[in-house]
Amino acid sequence: MDLDELKAKALKAIKDAKDELELTNVRNLFLSKKSEINQKMGTLKDLKEDERKSLGQKINETRSAITDAFTQKFNDIKAYNLNLKLKRETIDISLPGAGIKNIGINPLYLVEDEIINIFLGMGYSVYEGSDVETDHFNFELMNIPKDHPAREMQDTFYIDKSLLMRTHTSPAQAHAMEEAKGGPVRIICPGKCFRRDDDDLIHSHQFKQIEGLLIDKNINIGHLEKTLETFVKKLFGEKREIRMRSSYFPFTEPSVEVDVSCDKCGGKGCPVCKGTGYLEILGAGIVNPRVLKLNGYDPKEYSGFAFGIGIERVAILKYGIDDIRRFYTNDIRFLDEFKRR
């Protein structure tokens, strides 16, 4: 087939192509390495100079004509497809919008924000740590060495021998003390914690916590009691009272469990508080001198207190929620009960 016939055949095939696939097949037939045009190029070396020049020019003109026709057709098909898509996807702006439903905010975040704002008002700053921590920061700097029985109380998700999902937000306190380099600290540490546990009405393998830490000179348990009393009254109301009971935590000494008076009976005793008049709300204590020393402080010069608040526990007490799992199911009917007014 001579070049004029080849050109005419190629241009007709390009013109007749209905879509990009057919057009690509035409291009492969007439412009690929094994096409007839390239085969003719291979014959140039056997021709005389003037014949080679004439045929080479003719081949280039033919290839250019086919290439230009292909490019034009490709752009035409692309523009046609785009216009067709735009026509099919046209939005009727006269239709009413779908609207956005204003649903409630999860009470966990309502309570967390409220607690944070209370402590910000008392001069604390927020220090957030990482969900993944090292054994060193999560346990050892909190006076929980590898053979300590307290580790059995915190069934831990380990990633490897040294990395784990933090079991409390105390590692953030350790990082803050490291950054303070032996100076005063006044922080709260909100975040998620993870421990292997049964999922039931009051337990979950993950939960939210806010821990607080204050380190300075001449800090005593009276400062802790007044701080927590102020916090409880601001969160639950001026009529609520706190009660501190002796307890044990490896990172505080002395340690206390803190209860809040029952709002159902006013501290007189009822089924909700099991007749005690109080409901447990958090753990706290004076920072163990060994913890101070492990984190770069001189226990003879500095002292402090720490506390840990379970946000789910506070939300359950504050709003009378019957099942901890309601916080995590994203049930709009449940969230609608907590719309901000």
Side-chain angles (χ1 to χ4, degrees), residues 127-183 185-198 202-216 219-221 224 228 244-258 280-313:
Y127 190 102
E128 294 185 300
S130 171
D131 289 348
V132 177
E133 267 295 352
T134 63
D135 185 282
H136 178 69
F137 278 95
N138 192 80
F139 288 126
E140 297 196 17
L141 289 181
M142 293 295 108
N143 193 33
I144 312 176
K146 288 183 170 54
D147 58 348
H148 200 287
R151 294 212 183 197
E152 297 179 8
M153 298 163 58
Q154 301 187 17
D155 206 350
T156 308
F157 293 111
Y158 276 91
I159 298 172
D160 58 30
K161 291 183 179 180
S162 62
L163 286 178
L164 50 87
M165 303 300 292
R166 66 179 177 186
T167 59
H168 44 192
T169 56
S170 300
Q173 297 183 19
H175 285 290
M177 287 188 280
E178 183 181 63
E179 292 176 12
K181 298 180 179 179
V185 172
R186 187 189 295 245
I187 59 167
I188 53 171
C189 308
K192 278 187 178 180
C193 306
F194 306 85
R195 298 180 194 172
R196 185 181 177 276
D197 207 340
D198 295 327
I202 58 173
H203 297 93
S204 174
H205 64 280
Q206 69 171 29
F207 55 95
K208 292 178 74 65
Q209 187 180 61
I210 292 181
E211 291 192 24
L213 174 69
L214 188 149
I215 297 176
D216 211 326
I219 299 299
N220 58 55
I221 200 165
L224 171 63
L228 295 180
M244 298 171 67
R245 296 177 287 109
S246 294
S247 186
Y248 166 76
F249 303 109
F251 31 85
T252 53
E253 180 60 42
S255 303
V256 293
E257 296 283 357
V258 181
E280 182 183 331
I281 187 175
L282 59 91
I286 298 299
V287 178
N288 192 314
R290 178 169 170 76
V291 172
L292 290 173
K293 194 170 182 179
L294 285 169
N295 288 276
Y297 286 84
D298 181 357
K300 294 180 180 179
E301 184 178 1
Y302 282 92
S303 57
F305 61 76
F307 53 86
I309 305 166
I311 299 177
E312 284 87 347
R313 180 184 292 271

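Side chains included, hydrogens not; waters and symmetry mates left out as well; all remaining heavy atoms used. All values derive from a computational prediction rather than experimental measurement.
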Minimum-distance pair of heavy atoms, taken over all atoms of Ala180 and Val185: CB-CG2, 3.6 Å

Considering all heavy atoms, the nearest Ala174-Met142 contact: CB-CE, 3.9 Å

Under the side-chain hydrogen bond (donor to acceptor under 3.5 Å, both in side chains) test, which residues partner Asn220, sequence neighbours left out? His223

Can you confirm whether Arg245 is buried at CZ, in the sense that more than 12 heavy atoms of other residues, nucleotides or ligands lie under 6.0 Å from that atom? yes

Between Val291 and Asn295 the two heavy atoms that sit nearest each other are O-ND2, 2.8 Å

For Thr252 against Ala306, the heavy-atom pair lying closest together: CG2-CB, 4.4 Å

Filter on side chain to side chain donor-acceptor pair (under 3.5 Å), then keep only pairs touching residues 300-313, sequence neighbours left out; what's left? Lys217-Glu301, Glu312-Tyr328

Leu141 to Leu294 - nearest heavy-atom pair and separation: CD2-O, 3.7 Å

Using only atom types and a distance under 3.5 Å, with no angle test, would you say the side chain of Asn143 pairs donor to acceptor with the backbone of Pro250? yes

Where is the tightest heavy-atom contact between Cys193 and Gln209, given as atom of each residue plus distance? SG-OE1, 3.3 Å

CD1 of Ile311 to CG of Leu282, rounded to nearest 0.5 Å, is 12.0 Å

dist Leu228:CG -> Met244:CE (nearest 0.5 Å) comes out at 6.5 Å

Hey, mind stepping through Glu133 and His175 against side chain to side chain donor-acceptor pair (under 3.5 Å) and telling me if it holds? CA-CA 11 Å; Glu133 267 295 352; His175 285 290; 2.9 Å; yes

